Structures are given as C-alpha cells and as structure tokens.
Enquirer: 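Handing you a structure now.
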Amino acid sequence: MAKQVKGRCRCCSKEYARAGMLKHLSVCAERGAEADKETGRSTGYFELLITAKYRKNYWLVIEMEETEKLKDLDQFIRDIWVECCGHLSSFNIDGQRYDLEAFSDSFWDLRSENMDIQLKKVLRVGLQFEYEYDFGSPTELIISVVDYRKGKQKKKPITILSRNNPPEILCSICGENNANWVSPEGFYDGTPYWCEECVSAEEAEDGDYPEFLLPVCNSPRMGVCGYGRSSDYEEES
Ligand SMILES: [Zn+2]
Ligand SMILES: [Zn+2]
Ligand SMILES: [Zn+2]
C-alpha cells in the first residue's frame, strides 16, 4: 500500500497520518490549552473530517461552530479546495439532499432542501455524509462528524485543525523531478504530470507537449475543469 500522507497538527505541529491525527487531536495538550483561553459566549463545535472520496490523500480536519450553516461549510470547501467556475454543489445527509437553492423534480421524485440550515439541526457525532461539487465533472467528498465539544465562541467560526501535507507527485515524463503541472488529457495516456524541465524540453523540440496545463496543487480537484489553486488558503499550512 502506498505511503500514507501525513498532516501537521495546527496546535502543536506534530505530524500524523489521517487516523493518527484524529486520535491525537482528542488528546493534544496545546489544543486543550487554546480552548481554555477562549472567552466568548458559550457555544458548541463539531469536529469534521473531510476526505476526498477517490483521492484519499486529501483530507482536512476542521472544527466548526454548530450555529454555522451548511452553506457556510459549502463556502469553506469551495474556498480551500474546489471552486473553479461557480458550479453547483450539494450535500446528501441521511438521504436528504441540500442545495444552494431548494428544488423539486417530480419526474425523478427528487426534493431537495436549502443549505440555509444550521449544522446543529442536521449533524450528530458518528454521522457520515456526502458533498459533491460540479455535477458534470464532480469532486466528491465524504464528511464524517468525528466529535463535538462545548466551548466558547472564537473570532472565526471555522478552525482548521489539520490538513494533509502536499502529496509528492513526480513528473510522469522523467520520473525524477517533482511535477509542477498537470495535464487533464494526460490522465488518458499515462502522462498527467509534468515538471518545468520536461515542458521546456518538449517546447524547444516543438514536440508533443500538452497545450492545456493546470498547476499541481494541494486539492482533490487538481487537474479537473479549470481548477487553479486556492487564493484564500496557503497550500501547505
Ligand atoms: Zn497537537
Ligand atoms: Zn469549472
Ligand atoms: Zn520531468
């Protein structure tokens, strides 16, 4: 099995793979000390593990205030991981679908609710639910509610507790350098990843280099549609 990608605890900087990180976060002393310093009004936080369904190297552990809404979670996921050109998205929780705009379709017997609903109305510890961004070329995520705690309100309703370190991706051409670019078409012929040198070499030879390249980035949407990278969040932090 491939080596598991680790992430860093934002509170104490220790590194663990995904499962180890969840265990660590429940006992991290630094995290406890930070929570003790909170001074706002009383509130509650859900701890969420967000994992890409088919690219499991990409994961996030966040803490989110219970009074935030599904649409806020949608916005966070867009900002950090998936937003390319304003596609639609939806959550599926306990068999109920939630969209930005509720709709019903009698032909498909589909009734969706609006994402304008507080987390505490729909989430509970132990629940696993799904998220999908862009129904055409979807990025699908699995979100697990791993914990809940009472606490005091913080300045920001969402705290990133940990995030996978950028997975090492080697150039498909030379097999040596880290890749800088991803060619969506290359997924079909086995040459998705390119380093600067190999792109330049092909260009110089007027060779068969891919015309459409997207940046390698720390996101499960890398190389899909026109995804560049997040402008709101640093990649490795
Ligand atoms: Zn820690
Ligand atoms: Zn797009
Ligand atoms: Zn190369």
Side-chain angles (χ1 to χ4, degrees), residues 6-37 45 47 49 52 59-63 74-75 77-90 100 131-141 146-147 149 159-165 168-187 189-205 207-210 212-217 219-231 237:
K6 290 185 176 178
R8 183 172 53 81
C9 171
R10 294 295 181 90
C11 300
C12 72
S13 294
K14 285 187 187 140
E15 295 209 331
Y16 299 92
R18 189 179 53 197
M21 181 58 73
L22 292 179
K23 273 187 213 145
H24 166 75
L25 285 168
S26 64
V27 296
C28 174
E30 293 286 330
R31 184 183 175 196
E34 281 180 22
D36 288 343
K37 278 188 247 158
Y45 293 96
E47 186 175 318
L49 168 66
W59 51 267
L60 293 158
V61 189
I62 66 168
E63 182 171 87
D74 173 65
Q75 190 63 53
I77 293 170
R78 285 169 181 264
D79 290 345
I80 195 166
W81 258 5
V82 301
E83 183 66 273
C84 50
C85 28
H87 302 279
L88 295 172
S89 57
S90 73
L100 283 164
Y131 174 84
E132 187 173 344
Y133 173 81
D134 178 9
F135 309 141
S137 306
T139 296
E140 294 173 66
L141 310 179
V146 294
D147 205 357
R149 73 173 177 97
T159 305
I160 299 170
L161 298 173
S162 186
R163 175 182 187 173
N164 68 277
N165 296 330
E168 186 173 77
I169 297 173
L170 291 179
C171 172
S172 319
I173 311 304
C174 63
E176 284 179 16
N177 300 331
N178 283 329
N180 308 93
W181 301 100
V182 53
S183 156
E185 285 194 338
F187 284 110
D189 65 12
T191 58
Y193 301 113
W194 292 70
C195 71
E196 294 291 3
E197 282 177 33
C198 289
V199 171
S200 308
E202 286 286 326
E203 264 174 330
E205 281 176 31
D208 193 17
Y209 74 95
F212 183 59
L213 292 168
L214 293 164
V216 163
C217 55
S219 155
R221 199 161 172 78
M222 172 182 65
V224 181
C225 194
Y227 190 72
R229 56 162 49 108
S230 169
S231 50
S237 55

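Note that the coordinates shown come from a computational prediction; the quantities given were computed from them, not determined experimentally. Indexing begins at 1, ligand by ligand and atom by atom, following the structure's order. Throughout, residue positions are numbered sequentially from 1 according to the sequence presented.
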Enquirer: Please check if the number of heavy atoms outside Glu15 that lie under 6.0 Å from its CD is greater than 12.
Expert: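 More than 12 within 6.0 Å, yes.
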
Enquirer: Please determine, by modelled atom types, if Tyr131 and Asp74 share a side-chain donor-acceptor pair under 3.5 angstrom.
Expert: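 Tyr131 vs Asp74: donor-acceptor pair found between side chains.
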
Enquirer: Between Glu34 and Arg10, does at least one N-O distance fall below 4.0 Å, as a salt bridge requires?
Expert: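 No, Glu34 and Arg10 are not salt-bridged.
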
Enquirer: Can you tell me how the ring of Tyr16 sits relative to the ring of His24, calling it parallel under 30°, perpendicular over 60° and tilted otherwise?
Expert: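 If you compare the ring of Tyr16 with that of His24, the planes turn out parallel.
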
Enquirer: Given a threshold of 2.8 Å, state how many protein N/O/S atoms are nearer than that to the Zn ion (ligand 3).
Expert: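 The number of such protein atoms is 4.
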
Enquirer: Taking the Zn ion (ligand 2) as the vertex, how big is the angle to NE2 in His87 and SG in Cys84, rounded to 10°?
Expert: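 Vertex the Zn ion (ligand 2), arms to NE2 of His87 and SG of Cys84: 100°.
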
Enquirer: With the Zn ion (ligand 1) at the center, what angle do SG from Cys9 and SG from Cys12 span, rounded to 10 degrees?
Expert: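 Between SG of Cys9 and SG of Cys12, the angle at the Zn ion (ligand 1) is about 110°.
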
Enquirer: Please check: side-chain N/O of Arg31 versus main-chain N/O of Leu25, any donor-acceptor pairing under 3.5 Å?
Expert: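 A pair under 3.5 Å: yes.
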
Enquirer: Is there a side-chain contact between Trp81 and Leu60 (heavy atoms, below 4.5 Å)?
Expert: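 A side-chain contact exists here, since the closest heavy-atom pair is under 4.5 Å.
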
Enquirer: Is the closest side-chain heavy-atom distance between Cys225 and His87 below 4.5 Å?
Expert: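 They are in contact (side-chain heavy atoms under 4.5 Å apart), so the answer is yes.
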
